[in-house]
Amino acid sequence: MSESTILVERIEKIGIIRLNRPKNLNALSSALIEELLSALRIFDKDPAIGAIILTGSEKVFCAGADIKEQRELSFVRAYNTNYLRNLNDGLLGVHKPVIGVINGYAIGGGCELAMMCDILYAGENAVFGQPEIKLGTIPGAGGTQRLIRAIGKSKAMHMILTGDTINASEAESSGLVAKVLPVNEVFEAAVETARKIAGFSAPVTAMAKEAVNEAEEVGLKSGLHFESRLYHSSFSLADHVEGFGAFLEKRTPQWINE
């Protein structure tokens, strides 16, 4: 049997997925994408899991698409298989928060995969880039769409048209990542954040994630209307009653995720 392209574990209420193609710098092969999406679906359906962490190794997160595999694709085959679109759709369908932990290179499809996560923590050695133009193509998994939303048009256009990279500090100052920490500390910091998120009401967390993601898709008026509907819906939850009651009674809430 071939070696798994990902490693999966659980820490309390946290699902951990590690990309595992070290000889290929965790490049996105069709097999890796299929295994990754399968693991994400399993964690997303598991009521015992409250948050998911996606990471690579301490030296590389993901060096992009598998060039050897991509080189063999014609237009028709690329269009019909489109594993990168499947990756996009799969990540968008995950209701639970996904925290990306980025060490080393997050290049091309690796940068796009990172941006599919809800929160990004980066090690001090992290490098982000969309160098597809150097290969005679353009980003194909959301790079032209998500990068502009993350860091603005001018910086995104510069990265995409030149293929230049940015380091962890630049990524943090640009708003691409939430925190930058030493390489040996960043994963544990992400675990603490995931543990905190997993300790809240699962349906409310899913509502909050959906409302924030909707803001990228619609105008302000429509976004405010969508948020308002989700906010009102939360009043029907048992966890809403518990949360308000616990606050007034000055005690820790006991969520039942209903």
Side-chain angles (χ1 to χ4, degrees), residues 5-6 17-21 24-41 44 52-56 60-94 97-120 122 126-153 155-166 171 174-177 209 213 216-217:
T5 60
I6 63 170
I17 303 174
R18 297 180 187 272
L19 306 184
N20 183 45
R21 296 188 73 205
N24 303 93
L25 302 180
N26 292 336
L28 296 172
S29 65
S30 56
L32 185 150
I33 290 173
E34 288 179 359
E35 288 195 55
L36 172 58
L37 291 177
S38 176
L40 286 168
R41 285 191 292 267
D44 201 33
I52 301 167
I53 291 177
L54 174 61
T55 190
V60 60
F61 173 66
C62 174
D66 189 312
I67 301 301
K68 291 182 179 179
E69 192 174 275
Q70 293 275 308
R71 187 182 181 184
E72 302 302 318
L73 295 177
S74 63
F75 167 75
V76 173
R77 287 183 62 198
Y79 186 84
N80 287 336
T81 55
N82 207 340
Y83 288 110
L84 296 180
R85 183 179 62 199
N86 295 341
L87 185 61
N88 253 315
D89 294 346
L91 263 292
L92 284 174
V94 176
V98 179
I99 301 175
V101 178
I102 315 301
N103 283 308
Y105 286 101
I107 301 295
C111 185
E112 292 171 305
L113 177 59
M115 289 189 290
M116 293 177 203
C117 299
D118 300 306
I119 301 171
L120 287 182
V127 177
F128 299 86
Q130 298 288 168
E132 287 87 350
I133 199 163
K134 297 180 179 180
L135 298 174
T137 186
I138 68 171
T144 64
Q145 305 302 302
R146 289 193 174 93
L147 195 58
I148 187 175
R149 288 168 167 80
I151 67 176
K153 178 182 177 180
K155 289 184 178 180
M157 194 73 81
H158 177 84
M159 288 179 65
I160 290 168
L161 295 185
T162 66
D164 288 352
T165 61
I166 60 174
S174 298
L176 182 60
V177 304
K209 171 177 173 172
N213 283 336
E216 289 189 330
E217 307 298 328

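Being a predicted model, the structure only gives us computed values, none of them experimental.
Here the closest heavy-atom approach between residue Ala27 and residue Leu32 is recorded as O-CD1, 3.7 Å. Scanning all heavy atoms of the two residues, the minimum distance from Gly108 to Pro131 falls at N-CD, 3.5 Å. Across Tyr105 and Val60, no two heavy atoms sit closer than the pair O-CG2, 3.6 Å. Here the shortest heavy-atom pairing between Phe61 and Ala106 reads CD2-CB, 4.0 Å. Scanning all heavy atoms of the two residues, the minimum distance from Ile17 to Ala39 falls at CD1-CB, 3.8 Å. For the residue pair Ile160 and Gly143, the shortest heavy atom distance occurs at CD1-O, 3.9 Å.
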Which atom pairs, one a donor and one an acceptor, fall under 3.5 Å between side chains of residues 132-141 and the rest of the protein, sequence neighbours left out?
| from | atom 1 | to | atom 2 | distance (Å) |
| --- | --- | --- | --- | --- |
| Glu132 | OE1 | Gln130 | NE2 | 3.2 |
| Glu132 | OE2 | Gln130 | NE2 | 3.0 |

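Looking at Asn88 and Glu112, their side chains never come closer than 4.5 Å, going by heavy atoms from C-beta outward. Annotation: side chain of Leu28 is in contact with side chain of Leu87 (closest heavy-atom distance under 4.5 Å). Between Leu176 and Met115 the shortest side-chain heavy-atom distance falls below 4.5 Å.
Between atom OG of residue Ser29 and atom CG of residue Asn24 there is a gap of 7.5 Å, rounded to the nearest 0.5 Å. Atom CZ in Arg18 sits 15.0 Å away from atom OG1 in Thr5 (nearest 0.5 Å). Within the model, atoms CG of Asn86 and CG of Leu36 stand 11.5 Å from one another, a figure rounded to the nearest 0.5 Å. Summarising the geometry, atom CG belonging to Leu40 is positioned 11.0 Å from atom CE belonging to Met116; distances are rounded to the nearest 0.5 Å. From Ile119, atom CD1 reaches atom CG of Leu54 across 13.0 Å, with rounding to the nearest 0.5 Å. In this structure, Ser174 OG and Phe128 CZ are separated by 10.5 Å, a value rounded to the nearest 0.5 Å.
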| message | Checking Val94 against Ile52 for the side-chain contact (heavy atoms from CB on, under 4.5 Å) test, could you report, in this order, the C-alpha distance in whole Å, the side-chain angles of both residues, the deciding distance, and whether it holds? | response | CA-CA 10 Å; Val94 176; Ile52 301 167; 4.1 Å; yes

| field | Step-by-step side-chain contact (heavy atoms from CB on, under 4.5 Å) determination, Ile148 to Thr144 | value | CA-CA 7 Å; Ile148 187 175; Thr144 64; over 6 Å; no

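Thr165 places no side-chain N or O within 3.5 Å of a backbone atom of Gly129 that could act as its donor or acceptor partner. A donor-acceptor contact shorter than 3.5 Å is absent between the side chain of Asp164 and the backbone of Met159.
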